[in-house]
Amino acid sequence: MKRPAILIVTLLLVVVCLAGLGAALLLHDGLSASATPTKLEAFLARYARQLATPANARSTVNPLQPTEENLHDARLHFADHCAFCHGNDGSGQTMMGGGMYPKPPDLRAPETQSLSDGELFWIIQHGVRFTGMPAFGHMHSDPQDSWKLVLFIRHLPQLTPRERMEMEQYNPKGLDDRKEEQEENDFLDHAAPKTSKKP
Ligand code: HEC
């Protein structure tokens with residue numbers, strides 16, 4: 001075989017091997033969403049996400065300060081819109097999160113905390129394609145809502161049990177919770193003395 005022909009065959013073999021490796025990476029576990037991405041896949045996905053984030057977005061500075069009021073707003077917002085995937089504590093240990101591919105990461109861990117404020121803001125506003133992370137930009141009429149959430153993500157590693165308990169009241173309620181709440185209210189209404197009744 002001539003040299004150019006050997007080169008072309010070698011190149012073809014490399015391409016076929018890479019395609020096979022890529023397919024094996026993506027198609028493992030029959031595309032089941034309960035599987036966990038391999039370390040290599042998670043690394044490549046994170047790297048690709050970083051490359052795709054505009055550089056100026058990464059260096060944008062949070063215009064807000066972590067005041068008590070901003071953190072309070074963000075806590076309740078997170079409890080309402082983010083916690084059913086991420087958990088009130090940001091651990092990602094939720095019923096929904098466990099069934100996603102990739103799973104929501106632990107937002108308290110260094111992998112997330114080492115992202116810049118601008119990167120966190122970008123992710124919240126634009127979401128992450130091919131994952132369950134939605135874009136909230138079109139839902140937040142004021143981008144300050146997303147900046148407040150960035151403040152809250154920074155606060156997550158120091159979240160107190162008291163703050164967590166308050167958040168629980170703002171988590172979206174399912175049918176069972178509503179029924180239980182209704183039963184409790186009915187019971188209390190029944191048990192309360194009738195003040196309007198004259199003796
Ligand atoms: C439907 C589920 C879901 C909801 C709701 C959701 N997320 Fe996510 N989120 C994910 C998943 C899955 C990922 C992992 C994406 C990835 O691997 O790149 C993620 C990733 C992130 C990340 C990147 C963390 C990292 O280290 O890569 C941030 C920040 C984040 N979410 C913040 C939020 C905030 C704030 C909200 C609410 C406004 C929210 N998410 C709502 C599922 C969700």
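Predicted model, so just to flag it, every value in this text is computed and none were measured. Remember, it's 1-based here, ligands and their atoms both numbered in the order they're listed. Computation of the quantities below employed the complete heavy-atom set of this structure, encompassing side-chain atoms and omitting hydrogens, waters and symmetry-equivalent molecules. For this chain, numbers begin at 1 and follow the sequence in order.
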N/O donor to acceptor pairs below 3.5 angstrom from side-chain atoms of residues 125-134, sequence neighbours left out:
{"unit_1": "Q125", "atom_1": "OE1", "unit_2": "S146", "atom_2": "OG", "d": "2.6"}
{"unit_1": "T131", "atom_1": "OG1", "unit_2": "V128", "atom_2": "O", "d": "2.8"}
{"unit_1": "T131", "atom_1": "OG1", "unit_2": "M133", "atom_2": "N", "d": "3.0"}

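- At a threshold of 4.5 Å between non-hydrogen side-chain atoms, the residues E163 and H72 do not count as touching.
- In terms of modelled atom types and a separation under 3.5 Å, the side chain of R164 and the main chain of D89 share no donor-acceptor contact.
- Side chains of D186 and Q182 form a contact here, defined as non-hydrogen atoms less than 4.5 Å apart.
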Would you mind listing each N/O atom of ligand 1 next to any protein N/O under 3.5 Å, plus the distance?
{"unit_1": "ligand 1", "atom_1": "7 (N)", "unit_2": "H86", "atom_2": "NE2", "d": "2.8"}
{"unit_1": "ligand 1", "atom_1": "9 (N)", "unit_2": "H86", "atom_2": "NE2", "d": "2.9"}
{"unit_1": "ligand 1", "atom_1": "18 (O)", "unit_2": "R49", "atom_2": "NH1", "d": "3.0"}
{"unit_1": "ligand 1", "atom_1": "26 (O)", "unit_2": "R46", "atom_2": "NH2", "d": "2.9"}
{"unit_1": "ligand 1", "atom_1": "26 (O)", "unit_2": "T112", "atom_2": "OG1", "d": "2.6"}
{"unit_1": "ligand 1", "atom_1": "27 (O)", "unit_2": "R46", "atom_2": "NH1", "d": "3.1"}
{"unit_1": "ligand 1", "atom_1": "27 (O)", "unit_2": "R49", "atom_2": "NH1", "d": "2.8"}
{"unit_1": "ligand 1", "atom_1": "27 (O)", "unit_2": "R49", "atom_2": "NH2", "d": "2.9"}
{"unit_1": "ligand 1", "atom_1": "31 (N)", "unit_2": "H86", "atom_2": "NE2", "d": "2.9"}
{"unit_1": "ligand 1", "atom_1": "40 (N)", "unit_2": "H86", "atom_2": "NE2", "d": "2.8"}

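- Q158 CD: more than 12 foreign heavy atoms inside a 6.0 Å radius.
- In the model, N171 has a side-chain atom that pairs as donor or acceptor with a side-chain atom of N88 under 3.5 Å.
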